[in-house]
Amino acid sequence: MPELPEVETVARDLRPLLVGSTIESLLVGERRLRNAWLADWTPLVVGRTIRELRRRGKWLPMVLDDGSVVAFHLGMTGQMTTHAVADPLADHVHFRLRLGSGERELRFRDIRRFGSIAWHATYAIWEEGLEERLGPEPWDLTTEAFLERLGKTLRPIKAVLLDQSVVAGVGNIYADESLFLAGMHPTTPGRDVTQSGAERLRGAIVDVLTRSIAARGSTIRNYVGGSGLAGGHQVSLAVYGRTGEECAKCGTAVECIRLAGRSTHFCPKCQAMPTGVSRGSR
DNA sequence: ATGCAGTCCTGTAAGC
DNA sequence: TGCTTACAGGACTGCA
């Protein structure tokens, strides 16, 4: 389940392989992804050169030499890797960009087809279309803006972290890990998060994501980076996927509950429920 | 306006 | 052994 560190790793791996390459042709599979690739888009892309591969939240917008964008989202099981054209084609490859003189290609593989690929006339138009739904990058989130969003809601903090409009790029794994690092119970109502709590959590998110990027992300099931290599951060996860195991800090068994429709892992001792003293104050 | 549940999708694993 | 069922969850839709 690619979140920010995994998507960042894909971008870093693919950049040297893609930037400067010309798209010689484009092949679309029979089964559509979350959205359908429109036939009208193909002639707009073929013949163009790839100028940049950016990352924004969990999105990968590929900027072409005319300023247009092909925006990729890996969904749950998306993979983007380059191959020799002659390499055997794996199952579930839905989209291919043949590059340069046609010996290599970028392949988009997605078992569950929650991913998406779409063309947009400019980066600004693409970004504008997401404006309402995509908040700041975690390192650009200020404690003030975070508190502003938290103060208005009774939603559990875990649900707030998964909301891409609050902060972009955090998914289920890093929401749980950040809450553990901040010592905050996942059901804490947003309104009950204090200023120091918000600052601590903001720092924990940045810390967790930065360390995961350094390890090339976490491979839980299907994730591989742009070079086809798995990530290495999964061994460093403190609570995610460790139900019943001893908390590394205090030895208490890690619990798993269902929250916001997602499995939610936490240490009941290190992440004690808020006592309620702050509730209603301010 | 807010927030929840349902939806999509396939592979894996648990349960009978 | 072989079937059924539950589960994994990012982002969106529809409903209360």
Side-chain angles (χ1 to χ4, degrees), chain A residues 1-11 29-37 55-61 71-80 90-95 108-118 120 126-127 129-135 137-138 148-179 186-193 205 209 212 217-224 230-231 234 237 239-244 254-266:
Chain A
M1 45 223 81
E3 304 179 25
L4 191 152
E6 291 75 29
V7 180
E8 176 65 23
T9 301
V10 170
E30 307 240 319
R31 293 187 299 174
R32 53 171 274 178
L33 297 168
R34 163 169 287 281
N35 70 308
W37 175 267
R55 182 199 54 76
R56 177 80 174 86
K58 300 172 194 169
W59 293 88
L60 285 168
F72 297 85
H73 196 294
L74 301 177
M76 284 283 299
T77 52
Q79 302 174 344
M80 286 170 75
D91 282 347
H92 309 293
V93 172
H94 305 293
F95 188 86
F108 187 100
R109 175 170 189 256
D110 187 357
I111 295 168
R112 277 149 75 176
R113 291 191 280 137
F114 280 16
S116 66
I117 309 173
H120 305 269
W126 169 74
E127 208 175 29
L130 281 173
E131 204 174 2
E132 300 285 299
R133 288 168 288 164
L134 203 56
E137 292 289 308
E148 166 77 17
R149 288 296 297 265
L150 289 168
K152 289 181 189 166
T153 186
L154 286 170
R155 294 167 81 192
I157 183 65
K158 165 76 182 270
V160 177
L161 292 185
L162 293 176
D163 184 340
Q164 300 298 294
S165 75
V166 176
V167 56
V170 177
N172 204 40
I173 297 171
Y174 299 109
D176 284 2
E177 292 296 309
S178 302
L179 288 168
T187 61
T188 308
R191 224 177 50 177
D192 288 0
V193 177
I205 293 166
L209 295 178
S212 182
S218 303
T219 293
I220 304 298
R221 282 177 193 82
N222 302 283
Y223 168 76
V224 294
Q234 58 281 359
L237 298 177
V239 286
Y240 182 86
R242 301 203 180 277
T243 310
V254 171
E255 287 186 15
C256 182
I257 57 171
R258 198 103 189 138
L259 194 56
R262 300 290 174 256
S263 63
T264 299
H265 312 75
F266 66 103

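These numbers come from the heavy atoms of this one structure, side chains and all, not from hydrogens, waters or symmetry mates. Every chain is numbered from 1 and lettered A, B, ... according to where its sequence line falls, protein lines coming before strand lines.
- Annotation: salt bridge (charged side-chain N to carboxylate O under 4.0 Å, His left out) contacts of A/E8 (sequence neighbours excluded): A/R12, A/R55.
- In this structure, A/R31 reaches the sugar-phosphate backbone alone: every heavy-atom distance under 4.0 Å involves primed, P, OP1 or OP2 atoms, never a base.
- Judged as a salt bridge (charged side-chain N to carboxylate O under 4.0 Å, His left out), and not counting sequence neighbours, the contacts of A/R242 are A/E245.
- At the heavy-atom level, A/T77 lies nowhere under 4.0 Å from the strands shown.
- Put simply, chain A comes within 4.0 Å of DNA chain B, heavy atom to any atom, from B/dG3 to B/dG11, going 5' to 3'.
- Residues that satisfy the salt bridge (charged side-chain N to carboxylate O under 4.0 Å, His left out) test with A/R155, not counting sequence neighbours, are A/D163.
- Between A/F108 and A/H94, the distance from one ring center to the other does not fall under 6.0 angstrom.
- Axis orientation changes by 60° from one end of the helix from B/dT2-C/dA16 to B/dC16-C/dG2 to the other, with each end axis drawn from 5 pairs and the value rounded to 10°.
- Residues A/S218 and A/L237 have side chains in contact (heavy-atom distance under 4.5 Å, counting atoms from C-beta outward).
- Checked against side chain to side chain donor-acceptor pair (under 3.5 Å), A/E148 has the following partners two or more places apart in sequence or in another chain: A/K152.
- Scanning for side chain to side chain contact (heavy atoms under 4.5 Å, CB included) contacts around A/A90 gives A/V93, A/R109, with sequence neighbours left out.
- Residue contacts shown for A/S116 are absent, as no nucleic acid heavy atom lies under 4.0 Å away.
- Toward the 5' end of DNA chain B, the nearer of the two residues A/R112 and A/A159, judged by each one's closest nucleotide, is A/A159.
- Remark: A/K158 engages A/D176 in a salt bridge (charged side-chain N to carboxylate O under 4.0 Å, His left out) (not counting sequence neighbours).
- The side chain to side chain donor-acceptor pair (under 3.5 Å) search around A/R112 returns none, not counting sequence neighbours.
- The side chain to side chain donor-acceptor pair (under 3.5 Å) search around A/H73 returns none, not counting sequence neighbours.
- Listed by chain and number, the residues in a ring pair (Phe, Tyr, Trp, His ring centres under 6.0 Å) with A/Y174 amount to none (sequence neighbours excluded).
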Between the protein and nucleotides 10-14 of chain C, which nitrogen or oxygen pairs are less than 3.5 angstrom apart?
unit_1: C/dG10; atom_1: OP2; unit_2: A/N172; atom_2: N; d: 3.2
unit_1: C/dG10; atom_1: O3'; unit_2: A/H73; atom_2: NE2; d: 3.4
unit_1: C/dG10; atom_1: N7; unit_2: A/R262; atom_2: NH2; d: 2.6
unit_1: C/dG10; atom_1: N2; unit_2: A/R34; atom_2: NH2; d: 2.4
unit_1: C/dA11; atom_1: OP1; unit_2: A/H73; atom_2: NE2; d: 2.4
unit_1: C/dA11; atom_1: OP2; unit_2: A/K58; atom_2: NZ; d: 3.2
unit_1: C/dA11; atom_1: N6; unit_2: A/R262; atom_2: NH2; d: 3.3
unit_1: C/dA11; atom_1: N3; unit_2: A/R34; atom_2: NH2; d: 3.3
unit_1: C/dC12; atom_1: OP1; unit_2: A/R133; atom_2: NH1; d: 2.6

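- The nearest heavy atom of DNA chain B to A/A260 and to A/I111 marks one nucleotide each, and the one closer to the 5' end goes with A/A260.
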